[in-house]
Amino acid sequence: MNVPEPGAPRLVPGPVVPRLDVVPLTGRAGVRAAGEVSLPTHGVWEGVLERAVRDGGSVYYLELSALAFVDVAGAGALADAALRFGTRRLVLDRPPPALPRVLELLWPGLPAIEVAAA
């Protein structure tokens with residue numbers, strides 16, 4: 001067993017900074033997001049949603065199976081983007097279970113959002 005020498009500095013882990021990694025999907029319009037949507041990652045999330053609004057295609061996919069958490073502000077940004085989608089569809093592919101519930105509770109009946117569970 002390694003025992004530090006008396007008086008040696010101890011390494012204390014710092015706070016974990018949340019991440020949101022985004023990569024384009026292959027073969028369809030959209031992105032895969034991994035990590036979490038929270039205060040430190042809102043800028044990235046809002047950029048993703050702005051690109052989705054500007055894309056212009058009839059369907060845009062957000063593959064969210066590797067997304068661990070979306071805070072209410074992130075859900076609100078998603079709802080705002082969906083309102084700007086018009087007649088196009090924004091497909092949430094395997095989102096975290098709480099996200100569709102929050103959207104339905106606080107922003108019911110968003111016609112642009114479709115949730116794909118499988």
**Item:** Minimum heavy-atom distance between S65 and R32, given as atom pair plus value
**Value:** OG-NH2, 4.3 Å

**Prompt:** When you look at CZ of R19, are more than 12 heavy atoms from neighbouring residues, nucleotides or ligands closer to it than 6.0 Å?
**Reply:** no

**Message:** If I take atom CG from residue L78 and atom CG from residue L110, how far apart are they, to the nearest 0.5 angstrom?
**Reply:** 8.0 Å

**Request:** Check whether L49 and V91 end up in the same hydrophobic cluster, where Ile, Leu, Val, Met, Phe, Trp and Tyr are linked by side-chain heavy atoms less than 4.5 Å apart.
**Result:** no

**Complete:** What one should report as the nearest heavy-atom pair of R88 and G57 is CD-O, 2.8 Å

**Message:** If I compare all heavy atoms of V70 with all of G74, which pair ends up nearest, and what's the gap?
**Reply:** CG1-C, 3.9 Å

**Atom pair CG/OH of D93 and Y61 - distance to nearest 0.5 Å** = 8.5 Å

**Request:** Please report the closest heavy-atom contact between V37 and H42, naming both atoms and the distance.
**Result:** CG1-CD2, 3.9 Å

**Prompt:** Taking all non-hydrogen atoms of both residues, which atom of P95 and which atom of A116 are closest, and how far apart?
**Reply:** CD-O, 4.1 Å

**Message:** Are F69 and L106 linked, directly or through intermediate hydrophobic residues, by side-chain heavy-atom contacts shorter than 4.5 Å (ILVMFWY only)?
**Reply:** no

**Carboxylate-amine/guanidinium proximity below 4.0 Å for R28 and E63** = no

**Request:** Please lay out, stage by stage, how L99 and V115 fare under the test side chain to side chain contact (heavy atoms under 4.5 Å, CB included).
**Result:** CA-CA 10 Å; L99 180 58; V115 178; over 6 Å; no

**Message:** I'd like to know if I113 and L83 are part of one continuous hydrophobic network [Ile/Leu/Val/Met/Phe/Trp/Tyr, side-chain heavy atoms within less than 4.5 Å].
**Reply:** yes

**Prompt:** Between L64 and L25, is there a shared hydrophobic cluster once you connect ILVMFWY residues whose side-chain heavy atoms come closer than 4.5 Å?
**Reply:** no

**Asked** Roughly how far, to the nearest 0.5 Å, is the CG atom of D80 from the CH2 atom of W107?
**Response** 7.5 Å

**Gap between atom CG of L39 and atom CD of E36 - 0.5 Å precision** = 10.5 Å

**Asked** What are the two closest non-hydrogen atoms of V102 and A75, and how far apart are they?
**Response** CG1-CB, 3.9 Å

**Prompt:** To the nearest 0.5 Å, how far apart are CD in E50 and CH2 in W45?
**Reply:** 13.5 Å

